[in-house]
Asks: 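Sharing a structure with you now.
Everything numeric here is computed off the predicted structure, so don't read it as measured data.
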Amino acid sequence: MQIVGQRLRGLREGLRLSQAKIAKLIGGTQSSIQRYENDGCDPPFTTLIWYADYFDVSLDYLFGRTDKPQGQLYEFKPKIESNDEMKLFIDMCFDPKSPMSGKLKDTLLQMMKGNA
C-alpha cells in the first residue's frame with residue numbers, strides 16, 4: 001500500500017525524526033521502518049495505531065481515505081433495504097383510525113427510501 005508508506009514517511013519527516021528514532025520509539029528496527037515507508041512490506045496494525053496515536057492523525061488519513069489528518073467525520077446512516085416485510089411491519093404499528101397514522105407511516109416510508 002504505497003499511500004501508507006508515503007504517509008508514514010511524511011509524518012516522520014515532518015517532525016524531522018530519523019527512521020532509527022522512530023524504530024526506537026516503536027520498539028522495532030530501522031530496517032522495518034524503511035520497508036514500511038518504501039512499500040517493502042505492510043506495517044502491522046499495532047504499528048499503524050502507534051503512528052496514529054503518536055502523530056495524532058486518523059487511520060483514515062494513514063490509509064489515504066482522506067487528506068485531512070484528523071480524519072473524516074462520519075454520520076451514522078445505516079442502509080435499510082426497502083422491502084415489503086418492513087412496509088408490512090410499519091403498517092401493523094399504526095392505528096388506522098388515528099388521524100396522524102397516515103402521516104407518520106408516510107414519513108417512515110420516506111425515511112426508508114432516503115436510506116436505501
Asks: Find out whether N38 and R9 are in side-chain contact, i.e. whether some heavy atom of one side chain is under 4.5 Å from a heavy atom of the other.
Replies: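 Contact flag for N38/R9 side chains = yes.
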Asks: Do D39 and V4 come within less than 4.5 Å of each other through their side chains, counting heavy atoms only?
Replies: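 Contact flag for D39/V4 side chains = no.
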Asks: Stepwise, does the side-chain contact (heavy atoms from CB on, under 4.5 Å) test hold for F45 with L59?
Replies: CA-CA 10 Å; F45 193 64; L59 290 173; 3.9 Å; yes
Asks: Looking at CD1 of I49 and OG1 of T47, how far apart are the two atoms once the value is rounded to the nearest 0.5 Å?
Replies: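 These two atoms lie 9.5 Å from each other.
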Asks: Please tell me if the side chains of Y36 and I22 come closer than 4.5 Å, counting only heavy atoms from C-beta onward.
Replies: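 No, their side chains stay 4.5 Å or more apart.
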Asks: Around atom CG of D53, are there more than 12 heavy atoms from other residues, nucleotides or ligands closer than 6.0 Å?
Replies: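 For D53, atom CG is crowded (more than 12 foreign heavy atoms under 6.0 Å).
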Asks: Under 4.5 Å between any side-chain heavy atoms of F55 and L62, yes or no?
Replies: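 Counting from C-beta outward, F55 and L62 never come under 4.5 Å.
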Asks: Of all the heavy-atom pairs spanning G28 and S32, show the shortest one and how long it is.
Replies: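 Smallest heavy-atom distance, with atoms named: C-OG, 4.4 Å.
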Asks: Measure the CD1-CG distance between I3 and L8 for me, rounded to the nearest 0.5 Å.
Replies: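 Going from CD1 on I3 over to CG on L8, the span is 10.0 Å.
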Asks: Has R7 got a side-chain atom pairing as donor or acceptor with Y61's backbone, closer than 3.5 angstrom?
Replies: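 Indeed, once roles are kept as given, a pair shorter than 3.5 Å links the two residues.
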Asks: Any non-hydrogen side-chain atom of L15 less than 4.5 Å from a side-chain atom of L11?
Replies: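 Heavy-atom side-chain distance check fails, nothing below 4.5 Å.
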Asks: Have Q30 and Q19 got a donor and an acceptor in their side chains that come within less than 3.5 Å?
Replies: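 Yes.
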Asks: Walk me through it: do F63 and L48 pass the test side-chain contact (heavy atoms from CB on, under 4.5 Å)?
Replies: CA-CA 9 Å; F63 283 104; L48 294 170; 3.4 Å; yes
Asks: Give, for atom CD1 of I33 and atom CG of L25, the distance between the pair rounded to the nearest 0.5 Å.
Replies: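 I33 CD1 to L25 CG: 9.5 Å, rounded to 0.5 Å.
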Asks: Quick one: does any side-chain atom of R12 pair with a main-chain N or O of L17 as donor and acceptor, under 3.5 Å?
Replies: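 Yes, because the side chain of R12 sits within donor-acceptor range (under 3.5 Å) of the backbone of L17.
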